[in-house]
Amino acid sequence: MAYWLFKSEPDVFGWEEQVALGDTGGEWHGVRNYQARNNMRAMQPGDLGFFYHSQKGRAVVGIVEVTAPCHPDSTTDDPRWDCVDVRALRSFARAVTLEEIRAVPELAEMVLVKNSRLSVQPVAAEEWHRICALGDTAP
DNA sequence: GCCAACGTTGGC
DNA sequence: GCCAACGTTGGC
């Protein structure tokens, strides 16, 4: 079981919208970056991911579960791009902001901190637990 | 709104 | 295969 982080602009597709998709969830489509795509290819059903609001928000707000392995992205005919399916698992009791994350020395190596542009990224188990604790949320 | 960082494209 | 030009992302 691995941990990940999915980034989305709340103005485009926010956590509320993910929650509204219910237990069925949906495709994490629209990724057009090889590194991000490769991360999705490495995912397996049951993996967990943080749902992070970029731009306006800049905080981890929820936890999603990967429900389907990588498959073609239905929003394009380009065979290069595929994606997983995710569903909302639970909301953070308290959103954990990027500012808070940056303030924790143990989280300085997070991809979110080091490479802020990567939209789908791996999260280490220690990082996962630390952030869940910061948000008063079950890991 | 600005700008730095990064990824992609295309000419050579 | 290199590198300049360009486009995009996201923090501030």
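A, B, ... follow the sequence lines: proteins, then strands. Residue 1 opens every chain. All values below come from the heavy atoms of this structure, side chains included, with hydrogens, waters and symmetry mates left out.
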Those residues that, when tested against His53(A), pass ring-ring contact (aromatic ring centres under 6.0 Å, His included) (two or more places apart): Phe51(A)
With sequence neighbours excluded, residues passing ring-ring contact (aromatic ring centres under 6.0 Å, His included) with Trp81(A): Tyr34(A)
Residues in ring-ring contact (aromatic ring centres under 6.0 Å, His included) contact with Phe92(A), at least two apart in sequence or another chain: Phe50(A)
Contacts of type side-chain contact (heavy atoms from CB on, under 4.5 Å), residue Asp23(A), not counting sequence neighbours: Arg87(A)
Sugar-phosphate only, base, or nothing, as touched by Leu98(A) at under 4.0 Å among non-hydrogen atoms: sugar-phosphate
Leading and trailing nucleotides of DNA chain B with any atom under 4.0 Å from heavy atoms of chain A: dA5(B) to dT8(B)
Those residues that, when tested against Asp85(A), pass side chain to side chain donor-acceptor pair (under 3.5 Å) (two or more places apart): His71(A)
